[in-house]
Each structure stands twice: as C-alpha cells, then as structure tokens.
Amino acid sequence: MPLHPVLAIVGRPNVGKSSLLNRIVGYRHAIVDPTPGVTRDRNYAEAVWNSRHFCVVDTGGLDPDDQQPLMQAIRSQVDFALREAAAILFVGDARDGLHGDDSEILRLLRKNCPDKPLYVAINKIDNPAEIDVLTAEFYRLGVDRLFPVSAVHGMGVADLLDVIVEPFERASAEEETVAAPLERIAIVGKPNVGKSSLFNRLLGQDRSIVDNVPGTTRDAITVSVDRKGRTYRFIDTAGLRRPARQKDNVEFFSVFRTLDAIQKSDLAVLVLDASEGVITEQDKRIAGRVVDAGSGCIIVWNKWDVADKTARPWDELLEETRKAFPLLNFAPVTTTSARTGQRVDKLFDLIDRIQETGRHRIPDERLKQILYEAVTIQPPSPIAGRPIHLKNLRQLNGPPIVFRLTASDPKHVHFSYQRYLLNHIRQEFQFEGWPVRLSVAR
Ligand code: GDP
Ligand code: GDP
C-alpha cells in the first residue's frame, strides 16, 4: 500500500480539533462503522482531497488521560507532529479568543518543527460576517495567513485543504486501483501479545539485516531475514526490535505505528494473546485496519504454552475467532508459543504458503471461461430495461488480489453481483490468506 503523508492537527482541548478531523474526512469516516470487526479510531482517518491521499491525526486524542497536565499533553502533540507529520495544522478557537497557551504551542512548533509546513486555522467562525472581528487578535501569533473556518458548518475548510494538500503527491491512476507489490510482512497486535518475542525467535535462529536506518520514526525499518534460502522482509512495527522498556509508552504512538506498518506491508500477521483467551476491542480495531488496508492476513494465537486449553479448547477458540473477525474469514488461524518455540517454524511455513498464494495468477483464458459460466448461470440484472454487458475479467498484478471486470455500464454492476462473481473466482482458486477484490471499469 502507498504511504500517505500525515496531517497532524494540534491545539488546546476544545478548540474543535476532532470536529475538524470529522469535517475533513467526511462523516462517512467519522462514524463508527457498524460492521462487526471494524471499529474505527476516533482520532485517525484517511482522506482524499484533490486526488491526494493523506492521513489526518487529531493529536488531541494522543493521550486520553485527563490527569495529564496541559503542557505535557501539548508537548506530546508537538512531539508527534515532529516525528510523524508531513504538515501541521494548528487550530485556535475564535469564541475563546487568543490564549497564552496558543502562543506557547506555536512557539514549540516553530522551534521543534521548523521545516514542516505549518497552517493556522481559527475555528468556530460560524458566521462569515464575523471573520474580521474574530480573527484580528490571532494575527499576534505572527503568521502571514490565517484560515478562518467553521468545523460545524464546513465554512473555509475547502480553501484550507486546497492549500494544505498542494505539496502532497497526486495519486497515480494505477495507485487508485491497485498498489504495487511490496512483499513485506508486518507482525501486528496490541502491546504484550508477544510480537517481539516471536520475531526474536526467528532472528535468533537466522541471519538478519536491518536494511535501512531511518531518518525519522516515520520511515519504516525493514528487516530482512534469510531462512532456508528464502528472504523475508519484515516491517519493524512499534519497536519490534526494541527492548520492552524502550517501547513507546504513549499508547497512541504504538497504535499509529501499527497502522502505518499495516499499510506498508501486504501481509499482516495478527497476533493475539492465548493466555488471555479473549478478543478485545483493541484486537478488533487492529483487525479492522487490516481489513481496511486490504492486506493478506494470518491470525496467530501466541502464548499457547500458558493457554487454558480445558476452559477454551481449540475448536471453540477458532469459532470465536471467526465470529469476532468475520471480514477476515479468509485468514488461516494458528497457535504458537514464542517462549517454547512451539510451531514458530510452522508459522513461517505458513507465511511461505500465503506469500505463494498471493502470487498465484489465474490465466486470462480461464478467467474468460469463469466469466462466461457465471453469466450463463445468472446474468447481471438489466438497468432500466437495458442489459449490462460484461466484457472481460482479468487479474491485476498483485498482491493484493484484484480482478478487473470490464462492463458496458460499470456503475450498475450491483454489489451482490460482484460478490457472486468473486465467489466463482474463489471456487477456481481459494487465495487462502488474501482478500479478493473486484474493480469494475468500462
Ligand atoms: P477538540 O477537543 O479540540 O477535539 O474539540 P472538539 O472537536 O471536541 O470540539 C469542542 C467543542 O467545540 C464541541 O462542543 C464542538 O461542538 C464545538 N465546536 C467545534 N467546532 C465548532 C465550530 O465550528 N463552531 C462552533 N460553534 N462550535 C464548534
Ligand atoms: P509485544 O509487546 O507484543 O512485542 O510483546 P513481547 O514480545 O514484548 O512480550 C510480552 C511479554 O509476553 C513478555 O514478558 C514475554 O516474555 C511474554 N511472552 C511472549 N510470548 C510468549 C509465549 O509464547 N508464552 C509465554 N508464556 N509468554 C510469552
């Protein structure tokens, strides 16, 4: 998946950062997705504006701990912006007026992130007639341009976004449909499930090379591991190679980095904790991200050595896993113990198999037949009396696994019909471990 630049929204509490984030990404993203297994984060979302893809992070959600003194919370916002952001959006509150803390935040941003584009929006200007009156005092912040906005009404947000996304790279036409194959693996999961331990098990036996030393934490570290004549490229998430005490203590950083790694890889190993034996909201959130990213997936219950197998026999655990992650029903589920080494080797055999599956191509000729058979059994419903002509079916280079269907009227190939075609394709080849998508074009 392509890596998108991050826009960090910074400001005092209650100035409207999260409202602005919701406005930027559209309500579509802001609401909690009712699909089971997909719980979206309130303070992180992807957005597209003028064909530029980017991520928006409401840094106010960095640490939900109310006990934290304000300036400390703000320091972690600034720290986040410094480490991860491509651009920074500072938000002030027109109703509240200019605040001493606003000047202090701006001073910190200028000092710590001098090279990053910094935009200043003044929010809660719900009535355009009030722009001049309400923004005047904010010029004391010493910025050339203030962007008056109303997160609630949407006023001014489009102009602001036009300016912010201008330096971001435009998505190519190809990128819109399918990402370049990366063949990278991410080991993801909430803290303490044993990701580092699993990873070290592997490194312990074999040679590993850190491919690149990053300039910032936003550049992923890839670690290549040679095993039995094959090279595996892992994305180092949330400090896989760091000892526990050096891991990010701010939970949000590790969540963010996990999301980032999922996007940069095409195969996610989702690790769950078998000593707990339950699937938590946090597990579901991470699984939801794997689903959103469309990457391949293997689900691993680690710490199997200390799992209570009488309370929760394997078949029950498997059933619960399927129930909790219905959208990952393509993912194989296995157990490991990073402590004893049990089945760790098997996990890597499984990774081999899934990577192989991800490279499988159904020949064009065969796809033509599959399309013909599917249409013969059930043609797509006509639209306004006009039949929809399905012309061709072709597999794009992947992973991810994407099939391109060409149709006379692409917009009207109903979702349920697309699913019907996908089922036909899955009957030809399972693509174990991979979601299979259809892209319909003229
Ligand atoms: P955050 O703490 O900075 O993320 O702020 P929120 O987005 O939670 O907003 C704080 C309060 O300000 C909420 O009650 C919002 O409804 C309100 N608010 C946010 N944007 C606007 C706006 O453009 N106009 C008005 N009148 N109120 C707003
Ligand atoms: P991470 O935060 O997901 O990278 O988790 P770590 O690899 O740091 O492991 C967290 C804790 O779980 C450590 O105390 C590990 O020793 C322990 N742990 C990891 N894997 C296993 C396992 O398979 N069995 C048992 N019993 N403990 C494990």
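Every number for a ligand or one of its atoms is a count from 1 in the order of the listing. Reckoned from all heavy atoms, side chains included, excluding hydrogens, waters and symmetry mates.
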Sub-4.0 Å heavy-atom contact, G11 with ligand 1: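 It does not; every heavy atom stays at 4.0 Å or beyond.
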Protein residue, atom and distance nearest to atom 28 (C) of ligand 1, heavy-atom basis: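 Here the nearest protein heavy atom works out to V152 CG2, 3.5 Å.
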Protein contact to atom 12 (O) of ligand 1 [nearest heavy atom, distance to 0.1 Å]: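 Minimum-distance protein heavy atom for atom 12 (O) of ligand 1 reads K124 NZ, 3.0 Å.
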For [Y], is there an ion pair with [X] - N to carboxylate O distance below 4.0 angstrom?
X	Y	value
D266	R184	no
R312	E320	yes
K124	E130	no
D273	K303	yes

H360 and F429 aromatic centres sub-6.0 Å: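 Between H360 and F429, the centre distance is under 6.0 Å.
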Pair F431 + F330: ring centers closer than 6.0 Å: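 Centroid separation for F431 and F330: 6.0 Å or greater.
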Heavy-atom nearest option to atom 6 (P) of ligand 2, drawn from S337, S275, S197, A307: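 Looking at heavy atoms only, the winner is S197.
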For ligand 2, the portion of D305 having any non-hydrogen atom under 4.0 Å away: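 For D305, the contact with ligand 2 is made by the side chain alone.
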Residue part near ligand 2, for N192, under 4.0 Å between non-hydrogen atoms: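 Within the 4.0 Å criterion, N192 contacts ligand 2 through backbone and side-chain atoms alike.
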Sub-4.0 Å heavy-atom approach of P191 to ligand 2: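 The answer is yes: ligand 2 sits under 4.0 Å from a heavy atom of P191.
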Any idea which part of [X] is under 4.0 Å from ligand 1, heavy-atom wise: side chain, backbone, both or neither?
X	answer
S19	both
N123	side chain
D126	side chain

